[in-house]
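Here, residue 1 is the first one in the sequence, and each next residue gets the next number.
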Amino acid sequence: MISCVVILVLFSTFIQSCSSYEQCFAKPLQKNPDAEARFSVILSLRQTSGDEECQDIATSAIMTVAAIDWAVSRLNNVTLVPGVNFGYDLYDDCGIERYSMYSVLDAMDYYFPPDLRSCTGNSSTYYLGILGPSRSQNTQKVLEMVENMDIPVVSPTSTSPDLRNSPNFFRTVPSDDDQVRVFVDLMEQHNWNYVVAMHTDDNYGRYGVTKIAHLAKIRNICVNVIPGFKTTETFDDTSFRDTILQKLLDHIENTTDETLGVLYFGQRNVIQQLLSKMQLTANIKAKLKNIKWIMSESIGTRVSVLSGAPDVTNEAMTISMTTLDIPEVLEHANKIRSSASTSDDISSLIKNFGPISGDDWKDYIVSILDSVFAVTTSLKTAFDTRCTGYKVICEGFEDYYNSKKLETMNNTKVNYTALGPDISPTEFINKRRVVTFNGFGDLVPDSNTPLYDINMFTKPQLLRVGSYVNSSLSINLEFPSGFPSSKCQKGCELCVETPNIAYEFIEGDVYILGFFSLHRLSDDPFGCGEFRNLTFDVLSVEAFLNSIKESQSETNIKFGGIAFDDCYSSSRASMIISDLYTGKLKIPSETNPIDPAKIVGVVGPFPSGVTVPVTFLFSSIALPSISYASTSPDLDDKEINFPYFFRTVPSDVDQAHAMVEVLNAMGWQSVGLVYVNSNYGSKGKDAFKRVANASGICIVGEIKVQQEDSAQWNFDAQKSLESIMDKGTNLFIYFGTEGRMVDILSHIKDSDTPEANKNKFIFIGSDDWADSRNIKNMFGEMIEGSISFKIKTRTTNTNFVENLIKKTSSLDTASYWYKKFFRNYFQCYFEDDFVKAFPKPCSDNITITDTNGIMADGRVSHCILAVKALTKGIAKAKTDLCQGETEFPCAKYKRNVDHVRNKIAEVNILDDNQISFNVFDKNRNGDVGFQILQIRKDGDDFVYAEVGSYDNDNLMIKSENVRTAIANTLSVAECEANHGLAISDLSSSSPEQEDFRLADIIVIALLGSLCVVLIIVIFAVVYCFWRKTTGLHKMLEETKARITYYNEIGTPKKQKQKHSGKKNGDIGSFDNPVFPNGGLVPVEPPGQHYLPLHESGQVRSAHRYDGNRLDLLNQTTPKQSVSTSNQSLLETTRPDLPPRNIPEQRIVSKSESDIHNSYPVIKPKMGNYFALSNQPRMGTAMNTTPTDSLHSQGSVFGFPRQQVTTTPDEENPENILLQTENHIPPSKSLPSSPRSPYEKHKISQTVQENRTRSQSSPLSHNNSIHSQFSGETLHMTGNLSPQRRKRLKSFSSEEPQKISRV
């Protein structure tokens, strides 16, 4: 009874949290309330629009209820499970998530044990689960509530793929993944490549559109997504509605024939509102009539949605669930509606609904019936499993089913033929329909029944024109005859699918990485700019891949290759390397990525600005790399920063010398200097200035050009060129890339007439300009007479040209990059191109024929040379280091990378004439020189004529061969007068002087750091030595022999005790430097316990001592016993201090240094003594020798002290007399004098302590004091400073005592 009350309280708490209006939505309509087995149905009976919740009931919803009711009635007409009838509870969530949650809370009482269900009036024995809800988002909330409960949730309408993550979820409808494939197949069927997508902003709409856009890009279909609509959107806002119409019109303008494909993936009510409220003028109607729709299954066969705007939706296509005409459902509904009375709530709902019209309710009839029969058949599956052979419910079946619901549902198979005609619809039996679920709860497609139907709206009806079955789309082409195509006309490049990190791959046992700059630099440092279609860089990639394949046969090593595009960005190149080595970038596939340990070398990169940082990374992991184009002087530092770097080209230092040699040979004394602000341009500029300085060349001015193309920067460059030209020279040195020179010259060409631009500027260009056909062909008239330097090339035996010629326009095996190059090179397009940017198609027999020009291109030939040198060197190193090893790289290879580097440096290669040449010079730079070329006019064309060469610091040129229209060149004096860069400004630099490089900075920093560390170490050593010396000196002073004094006569003067505010009996603070706390004996460490000896030698009773106070023992002296009166007075006045519990063998011999280092001690004042007890046995001798341990000798240095002998006292054998070799006994005894209890107490302590010290620290003649007070033998040690002497004197009687030196 208490449990029932608790359950009711919990449910009342949940219900009270919502308003009284919302509580009604948690109260179901019931069918067969007394049935033994029940399930809950959560459907969206009423629709929600805008802010108005739970409006009219839809016909489709009533027919859904009628179908469920019909199926349950069929089940109850036969015996599916012995003795079990079925019933259900119907909840209406109005499509709102919180109402779905209220419904689950109300239905959960079925989940409680039978003895608790009576609280809620539920008498059913078996709870089968939940059927519904209608929408995916609502279903997600329901699944969250039943998590960790054994309650199946079977939905006939929820299609979101995310739902399959819940083990409670099952569905009898295909997932959106299947529907997305139908969308994309339809677009491809109609030959669309440009569409607009609209969707609702919920899980259903967002997932569908995102997935469509992803799959469409793979098939070269551009999807432009319009932001999603709210599921309650009514489009009453005219401006919002007009904005959407304008977007559609803009996209129509971007198509080839003003036909636009529009996709809709979302809720039915939203698109219905949009179509019904379009205010269309005649002009807009004329444009929108060419819109061709494809709509998702939420619209399905509902003609009412499309008929709202027939001018816009004509020939619209919809996807719907497969429908089967099941007349029994409609007959069942009409039978209820025609009955005179109803017996339950469900029948009343159906009866009171208005007229049923149309066929759109049939969309989900198949999945609804499947879900009812799946839920109920699961009970039969459990019965057949648990009660095999039984005709009635067997014992334990209820517990078995309640614990196996999810497992049973997952194993349920609904075979309509086996269920028989009394239960199954005839149409299902005829189709031999079977329903099963996979491991994720998804419906397994039935090969006999289509998943979807394809429909087309032709006013005023919707016709079925195709189907989707067995993952294949089948369309009746006669229906959409002449269906127009939606194709892109302009601005469609962004729609083309490109990989995030593009690469080309050749499989191998070990791999060579290749880095190439195929795109321009982007504003995003990790992205790519425009494709560099005016260069042969793509052919460098093809040469790289071809050379990798050739090396396999040349070296007997199966080399593989991976080519990347760094897009002129060091950040992007570093990102690629990081992703590859950390496993984030998996090549060639997610399941079979290469092992980074199999990467044995690198070819590239091309620009120096990328090569410097990337090669630094490669050097840190000892990976050899060879650049085929980087000329930066920074890379000359091969001793520290780049120990494993090579290049097949010379350094810019050599090129700067060559340029200055040309200027001197031609007599040109003044130039302007233009450079690109990159590593290549800046370092080349610096090298030129250093050499020009030493050669008397005047630099009139410098112009820095940014790397990125910009109209403003090009304008600034032009103005700067003209400004320098106004100073008297039109000759300019150019250090930069070919592409930036094209940009600058294009701007100059467009800004003035050809006559004005002719021979306006003359350039001497660096090696990246070389023999650029783009500069020559586009600007030959402007810059005729300009000179460029080209790095010499040496061609080797290769089949690259032959293989390149074989690449025709079909390009079946061509890379993505090569296809882009091919289009631009031949100005044509392929038939399957998404963007047909050129006017003519590429014919089948078109091929590259300019093979001489290709092989003459420095990047192509040097790339081939780099691959051959790298693979040959690695092969030689393998032969030396991995003999007999099956694994490569072998362990010895990895440990001897320097040997690999040396083998690469020694590589010789045969050229086309079978002449062997060294690839690298002694600095591991390219062992080649420069060609000196000049642009000249030859007939109607412009060509590069070779006018000289530069090899091994030798220039060969004839000035008469150079035809250049140089304007008035300035002398050095005139240059200085025109505010040029006078050479004298740089006179401090020698010809060979270079700026501090990175290596120099690092070396200087390291040396500076070492000096600082050395100074700190020296200081620390000196300081430690000083501390040690001071400590040793102090310890030496403490171990010196002490002077011993003896009080011969007299009675000690009564000393006034200073207790420092302490109570009588407390141990005060004393001044004795022997120990840190001034005491003569150590204080007992806390927590140790001792058993003190009585005068008779018996052990006293043990008392716990907390270690904070010194133990005091009442001990008589060996010479004279304390009087009875004094003893009594001592016992009555001495504070109650805890006795020491000292075991018999506790006291051991310790030196003063031991005591000093081991115990905190108490510092007594002069005249206060400690008594000695618990001494060694009689006759025990304590001898120390030089061989004793350090502490046993009593000195921290280990030096032996004088031998000390202990002898028994004849009068009192329990006490011990200590005798050294020079011991002198006291000459006379002092008379006893009365003492206060406090003095007696102190004396007793002192005697005890001195006896202990006489055992642990041998005393010499010079460090003992003997005196007699009332017959007591007293021992005391201490340093007799003047203050101590004064205090010792003050301790004696009023008459001065005679202090004699012994």
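In this model, a donor atom of one side chain and an acceptor atom of the other lie less than 3.5 Å apart for Y127 and S40. Remark: the N77 side chain and the R74 side chain contain no N/O donor-acceptor pair separated by less than 3.5 Å. Side chain to side chain, Q137 and K141 fail the donor-acceptor criterion of an N or O pair below 3.5 Å. A side-chain donor from one of D69 and Y88 sits under 3.5 Å from a side-chain acceptor of the other. With hydrogens and angles left out, the side-chain atoms of N455 and T318 include a donor and acceptor closer than 3.5 Å. Between the side chains of D150 and Y401, no donor N or O sits under 3.5 Å from an acceptor N or O. Under 3.5 Å, the side chains of Y204 and S296 contain a donor-acceptor pair of N or O atoms. A donor-acceptor pair shorter than 3.5 Å can be found between the side chains of Q267 and D202. In this model, no donor atom of one side chain and acceptor atom of the other lie less than 3.5 Å apart for S467 and D453. Defined by atom type and a distance below 3.5 Å, a donor-acceptor pair is missing between the side-chain atoms of T172 and D370.
The closest side-chain heavy-atom distance from F440 to S166 is not below 4.5 Å. Between T232 and V270 the shortest side-chain heavy-atom distance does not fall below 4.5 Å. Residues T381 and T377 have side chains in contact (heavy-atom distance under 4.5 Å, counting atoms from C-beta outward). In this structure, V173 and S158 have side chains that are not in contact, with every pair of non-hydrogen atoms separated by 4.5 Å or more. Between D442 and F170 the shortest side-chain heavy-atom distance does not fall below 4.5 Å. For the pair Y91/D89, a side-chain contact is recorded, criterion being any heavy-atom separation below 4.5 Å from C-beta on. Using a 4.5 Å cut-off on side-chain heavy atoms (C-beta onward), T385 and F397 make no contact. Side-chain contact between F169 and T139 is present, with at least one heavy-atom pair separated by less than 4.5 Å.
In this structure, the ring of F183 has its center less than 6.0 angstrom from the ring center of F265. The aromatic ring centres of F235 and F229 sit less than 6.0 Å apart.
Using a 4.0 Å cut-off between charged side-chain N and carboxylate O, E53 and R98 make a salt bridge. Salt bridge status for D176 with K211: absent, with no side-chain N to carboxylate O gap under 4.0 Å. Under the 4.0 Å criterion applied to side-chain N and carboxylate O atoms, R46 and D56 are not assigned as salt-bridge partners.
Heavy atoms only, all atoms of each residue included: M198 and V209 are closest at O-CG2, 4.1 Å. In this structure, S378 and T408 approach most closely via the heavy-atom pair O-CG2, 3.0 Å. Across every non-hydrogen atom of R206 and T210, the tightest pair is O-OG1, 2.8 Å. Of all the heavy atoms in R181 and L215, the pair that sits closest is CG-CD1, 4.4 Å.
Tested against F373, the residues Y416, F39, F86 include a single ring pair (Phe, Tyr, Trp, His ring centres under 6.0 Å) partner, Y416. Put simply, the residue from V375, L419, V434 that forms a side-chain contact (heavy atoms from CB on, under 4.5 Å) with V414 is L419.
Atom NZ of K351 is surrounded by more than 12 heavy atoms from other residues, nucleotides or ligands within 6.0 Å. For OH of Y390, the number of neighbouring non-hydrogen atoms (other residues, nucleotides, ligands) closer than 6.0 Å is 12 at most.
Residues meeting the side-chain contact (heavy atoms from CB on, under 4.5 Å) test with T157, sequence neighbours left out: S134, S155, Y364. Legend: residues meeting side-chain contact (heavy atoms from CB on, under 4.5 Å) with S347, ordered by chain and number and at least two apart, are K31, I336, T342, D344.
Atoms CG and CG, on L330 and N334 in that order, are 4.5 Å from each other to the nearest 0.5 Å.
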